Structures are given as structure tokens and as C-alpha cells.
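Working notes for the structure below.
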Amino acid sequence: MEPAQAGDAEESAQAVHRTTYLGLLESADRSALLALGRELRVAPRSLLIHQSDPSTHTLLITHGWTKAVASSANGYQALLDFYGPGDIVGEAAVLAGRSRDANVIALEPVRAVAVSGDAFRDFLARSPQATLPLLQVLADRVRAADRRREEFVSLTVRERLASLLLELARTVGHRTEEGIELAVPLTQTELAGSVGASRETVMRVLKDLRDRGVVITKRRALVIARPDALRQPHRDDSQREDARLPAAPTTA
């Protein structure tokens, strides 16, 4: 990680989505919070947060996209979430005094502001109006985790993968001539962990989707050519594997 130039964080933060933590804050509170931290530049595929490390700081993403991935001792990996411009990362673990729940990895060049746990807690104490937006973000993440749990119980692997791809299209997709390209590199192991299936099953489903022209797979990229087909996936109960419930919403 390299320090960024002063002022870069505030300039980047002007374009954050209004539903992110930085986007929900009033302009003065956003500027005050960013001023408390140290600006970082992170190269693609670099770790911003390491699973199991002590939680000493929270991160505010101002540019670029990251992914949160939880790894188990047996090598099982689950893609938990994506964080982009305006998102706050690691705040719950900092406030609770717990270790990190997941690895947070840069998917592209990322700029972030690292705010120490003490400084973040002092900020919330001095600016109580900044607490409600934080609670809103945390509630949204819990609600999303609950929805994923429901999907694990009620949907087949094919349907869970279709739901995941549509969510990725909404959050990190951009339109091309071929369709909606997911601008993040995802491994089949991560996709499998995210939908509670084996890598082999996910490979079979992706092959079927590719053969039907629903998706186009490329090196380190995936294009959704027919989103409508994903919204009504063919139900196949033979692909209803044991559902491994997803982890609780990551706090990194």
C-alpha cells in the first residue's frame, strides 16, 4: 500500500453512491471523517484486510472495488460481499473489538482512507448524526444476509447462481455490446462458495448457461448476455445440494 496525495480522498468521495455510508453522511461529516484517516493506494489483488488480524482500523473506500472472501481451514472459500466507492469496511469488528472475519482484496486499483478505531469511535461520539447512516448500512447488510439464507433453503444451485449473477450485474456490472460485463475477476471456487455448492456443480451450471448463450465467459471476466434468462432459470432439483448456510454478514 502507498500513501495517496492529500485531497484525493475527498475528491473521489464526491461521486459515491448515496446509499453507501459516505454517501449517506452530510458533506461536513463526510469531510471531517475522511480528514481523520490516512489515505492509501492499493494495487489490484492486494490485501486491504487480512482475515483473523486484530481490528485496529476501519476503511473508507473512495475509489475502486474490493471483494470480501472468507476462508476456512479446509480450503473452502466464500465470496461474501463487494465494497466500492463510499463503502465503509471493517467498522463492526472495530466497534465490537473482534478480529477480522474475512480477507478484503482489491479487484482493481483502489484508494481508501484508514481511520483508527479510536478515531472512528470518537467521531461517532462527537457526531451522533453520523450514527444513523451507519445503522442503516449495517441493517441493509443484515437484510441481505437474511435473503441469502432464505435462498439457500428454498432455491436450487442453478437458481442461487442466477440470483448471485443478477446481483453482481446490478452492483459491479457495466453494459457492453455483448451484454452486462461483471467488472470483477471471480474464481469458480469463490462462486461455488457463495452459493453453497461444489466447484464441479457450478462448472456444470456455467457450462449449460454458456451453451444456451445466457453468459459468455472470458479470461478473468464474465458477460451476462441474457439477463432475462437468469430471472427465470430452469429449475433442476438434481442440483439441490446440501445448502451450506452463508456466513453472517461480513464485518471484515
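Residue indices begin at 1 and follow the sequence shown. On a predicted model such as this, the values are computed, not experimentally measured, just so you know. What you see below is based on every heavy atom in this structure, not just the backbone, and it leaves out hydrogens, waters and symmetry mates.
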| message | Any salt bridge linking Asp140 with Arg143? Criterion: basic side-chain nitrogen under 4.0 Å from a carboxylate oxygen. | response | yes
| Can you hop from Leu191 to Val223 via hydrophobic side chains spaced under 4.5 Å? | no
| Could you give the distance from OG1 (Thr187) to NZ (Lys67), rounded to the nearest 0.5 Å? | 6.0 Å
| request: Please report the shortest heavy-atom distance between Thr20 and Val137, naming the atom on each side. | output: C-CG2, 4.3 Å
| Taking NZ, NE, NH1 and NH2 as the nitrogens, is one of them in Glu151 or Arg148 under 4.0 Å from a carboxylate oxygen of the other? | no
| task | Run the salt-bridge test on Glu91 and Arg141 with the 4.0 Å N-O cut-off and return the result as yes or no. | result | yes
| Rounded distance [0.5 Å steps], CD in Glu26 versus CG in Leu33 | 13.5 Å
| Is a side-chain N or O of Arg210 found less than 3.5 angstrom from the main chain of Val215, in a donor-acceptor match? | no
| At what distance, to the nearest 0.5 angstrom, does CG of Leu59 lie from CZ of Arg38? | 9.5 Å
| query | Which heavy atom of Thr201 sits nearest a heavy atom of Val157, and at what distance? | reply | CG2-CG1, 3.8 Å
| said: Could you report the tightest heavy-atom contact between Pro133 and Leu24, atom names first, then the distance? | reply: CB-CB, 3.7 Å
| Is Glu178 salt-bridged to Lys218, going by a charged N under 4.0 Å from an acidic O? | yes
| How far apart are the C-alpha atoms of Val89 and Leu48, what are their side-chain angles, what is the distance that settles it, and do they pass the side chain to side chain contact (heavy atoms under 4.5 Å, CB included) test? | CA-CA 10 Å; Val89 184; Leu48 289 86; over 6 Å; no
| remark: dist Asp81:CG -> Ser194:OG (nearest 0.5 Å) comes out at 10.0 Å
| field | Separation of Leu79 CG from Leu164 CG (nearest 0.5 Å) | value | 6.5 Å
| field | Pairwise distance CG(Leu134) to OG(Ser127) - rounded to 0.5 angstrom | value | 12.5 Å
| Do the charged groups of Asp146 and Arg149 touch, with an N to O distance under 4.0 Å? | yes
| Are Leu168 and Leu166 co-members of a hydrophobic cluster defined by side-chain heavy atoms under 4.5 Å apart? | yes
| task | Please report the shortest heavy-atom distance between Pro109 and His63, naming the atom on each side. | result | O-CD2, 3.6 Å
| side chain to side chain contact (heavy atoms under 4.5 Å, CB included) assessment of Ile61 paired with Val113 | CA-CA 7 Å; Ile61 308 297; Val113 174; over 6 Å; no
| said: Check Asp211 with Lys207, please: is the shortest side-chain N to carboxylate O separation under 4.0 Å? | reply: yes
| note | Note: Arg212 and Arg226 closest approach over all heavy atoms is O-NH1, 3.0 Å
| message | Looking at Val42, is its backbone amide N or carbonyl O close enough to the side chain of Ser46 to form a donor-acceptor pair, meaning the two atoms are under 3.5 Å apart? | response | no
| message | Check for me, please, whether Phe82 and Val69 land in the same ILVMFWY cluster - side-chain distances under 4.5 Å, paths through other members count. | response | yes
| Do other residues, nucleotides or ligands put more than 12 heavy atoms under 6.0 Å from Arg126 CZ? | yes
| Does Leu138 share a hydrophobic cluster with Leu95, counting links as ILVMFWY side-chain heavy atoms below 4.5 Å and allowing steps through other members? | yes
| Exercise: identify the closest heavy-atom pair between Ala169 and Ile224 | CB-CD1, 3.8 Å
| task | Could you tell me whether the side chain of Arg160 and the main chain of Leu155 form a donor-acceptor pair under 3.5 Å? | result | yes
| task | Please assess Leu107 against Thr66 for the test side chain to side chain contact (heavy atoms under 4.5 Å, CB included), listing each intermediate value before the final yes or no. | result | CA-CA 5 Å; Leu107 293 168; Thr66 69; 5.6 Å; no
| task | Output, in order, the C-alpha distance, side-chain angles, deciding distance and verdict of side chain to side chain contact (heavy atoms under 4.5 Å, CB included) for Ile49 and Asn103. | result | CA-CA 5 Å; Ile49 287 176; Asn103 294 313; over 6 Å; no
| message | Hydrophobic clustering (ILVMFWY, side-chain heavy atoms < 4.5 Å, transitive) - are Val172 and Leu161 grouped together? | response | yes
| task | Using only heavy-atom distances, determine whether the side chains of Gln51 and Asp101 contain a donor-acceptor pair under 3.5 Å. | result | no
